[in-house]
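Data first, discussion second: the structure below is written as structure tokens.
Computation of the quantities below employed the complete heavy-atom set of this structure, encompassing side-chain atoms and omitting hydrogens, waters and symmetry-equivalent molecules. These figures come from a predicted structure and were not determined experimentally.
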Amino acid sequence: MTIPLIPLNILIGDRTYRIKVLPEDEETVRGTLKIINDKILEFRKQYSGKDMQDYIAMVLIWYATQPQKAVDDDSANQELQRIFQKMEKMIDEVI
């Protein structure tokens, strides 16, 4: 039996995307989106005059270069990476 995916409308920057996630991943996805959008706002304040794609690229670079912190639960880290890969793929499809 497969677990049904739940649809989410997510907002990254100024665009809305529709994704489907496992119910147990919803909280993680929403937390990740908050981090992403908070960072976008931070970069918008620091570097005014850029376009949204620039800010999203800055956030991706910021995330990719963060020191890898020790995570007690390695599966949680893998799950977060999987979610970011899905988001990156969706962004690439739109761009």
Side-chain angles (χ1 to χ4, degrees):
M1 182 172 111
T2 60
I3 299 173
L5 299 175
I6 58 171
L8 292 179
N9 288 320
I10 63 169
L11 179 69
I12 299 175
D14 57 359
R15 290 195 179 176
T16 302
Y17 303 92
R18 183 129 172 112
I19 63 171
K20 291 184 179 184
V21 298
L22 293 170
E24 61 267 19
D25 294 340
E26 181 180 5
E27 185 177 334
T28 303
V29 170
R30 291 191 188 279
T32 302
L33 289 168
K34 179 169 178 12
I35 292 168
I36 290 169
N37 286 308
D38 287 350
K39 272 298 187 189
I40 288 172
L41 289 175
E42 182 181 322
F43 285 129
R44 285 181 78 171
K45 288 178 185 174
Q46 288 179 353
Y47 307 102
S48 62
K50 303 282 186 187
D51 84 2
M52 188 54 67
Q53 186 174 345
D54 293 331
Y55 298 124
I56 292 171
M58 289 177 194
V59 171
L60 288 172
I61 292 167
W62 167 81
Y63 175 77
T65 57
Q66 289 301 298
Q68 296 300 319
K69 296 175 178 65
V71 177
D72 292 334
D73 184 3
D74 191 44
S75 65
N77 190 33
Q78 290 174 356
E79 182 64 22
L80 187 57
Q81 288 178 353
R82 184 180 66 78
I83 291 168
F84 270 111
Q85 287 170 346
K86 280 183 181 179
M87 289 178 175
E88 184 177 10
K89 181 180 176 187
M90 290 183 339
I91 291 170
D92 287 343
E93 289 172 358
V94 171
I95 298 174

> Measuring from I36:CD1 to L41:CG, what's the distance to the nearest 0.5 Å?
Replying inline: 12.5 Å
> Do I40 and N37 pass the side chain to side chain contact (heavy atoms under 4.5 Å, CB included) test, and can you show the C-alpha distance, the side-chain angles, and the key distance before you say yes or no?
Replying inline: CA-CA 5 Å; I40 288 172; N37 286 308; 3.9 Å; yes
> If two hydrophobic side chains count as joined below 4.5 Å and joins carry through other members, does I35 share a cluster with V29?
Replying inline: yes
> Which is it for M58 and K50 under the side chain to side chain contact (heavy atoms under 4.5 Å, CB included) test, yes or no, and what are the steps along the way?
Replying inline: CA-CA 11 Å; M58 289 177 194; K50 303 282 186 187; 4.3 Å; yes
> Which value, rounded to the nearest 0.5 Å, describes the distance between E24 atom CD and L22 atom CG?
Replying inline: 4.5 Å
>> Which heavy atom of K86 sits nearest to which heavy atom of K20, and what is that distance?
In response: NZ-O, 4.2 Å
>> For a quick test of reading the model, state the closest non-hydrogen atom pair linking E26 to I6 and the distance between them.
In response: OE1-CD1, 3.2 Å
>> Evaluate T16 against I10 for side chain to side chain contact (heavy atoms under 4.5 Å, CB included), listing each step before the verdict.
In response: CA-CA 5 Å; T16 302; I10 63 169; over 6 Å; no
> Do the side chain of Y55 and the main chain of Y47 share a donor and acceptor less than 3.5 angstrom apart?
Replying inline: yes
> Which pair of non-hydrogen atoms, one from R18 and one from P7, has the smallest distance, and what is that distance?
Replying inline: NH2-CB, 3.1 Å
>> Under a 4.0 Å threshold between the charged nitrogen and the carboxylate oxygen, would E42 count as salt-bridged to K39?
In response: yes
>> Tell me whether the count of non-hydrogen atoms from other residues, nucleotides or ligands lying under 6.0 Å of CD in E27 goes above 12.
In response: no
>> Would a single hydrophobic cluster contain both I61 and Y63, if residues Ile, Leu, Val, Met, Phe, Trp and Tyr are joined by side-chain heavy-atom contacts under 4.5 Å?
In response: no
> If Ile, Leu, Val, Met, Phe, Trp and Tyr residues are connected whenever their side-chain heavy atoms lie under 4.5 Å apart, and connections chain through other members, are L11 and I19 in the same group?
Replying inline: no
> To the nearest 0.5 Å, what is the distance between CD1 (I83) and OG1 (T28)?
Replying inline: 5.0 Å
> Between T65 (side chain) and W62 (backbone), is there a donor-acceptor pair under 3.5 Å?
Replying inline: yes
> How close do P23 and P4 get, heavy atom to heavy atom, and via which atoms?
Replying inline: CD-O, 3.5 Å
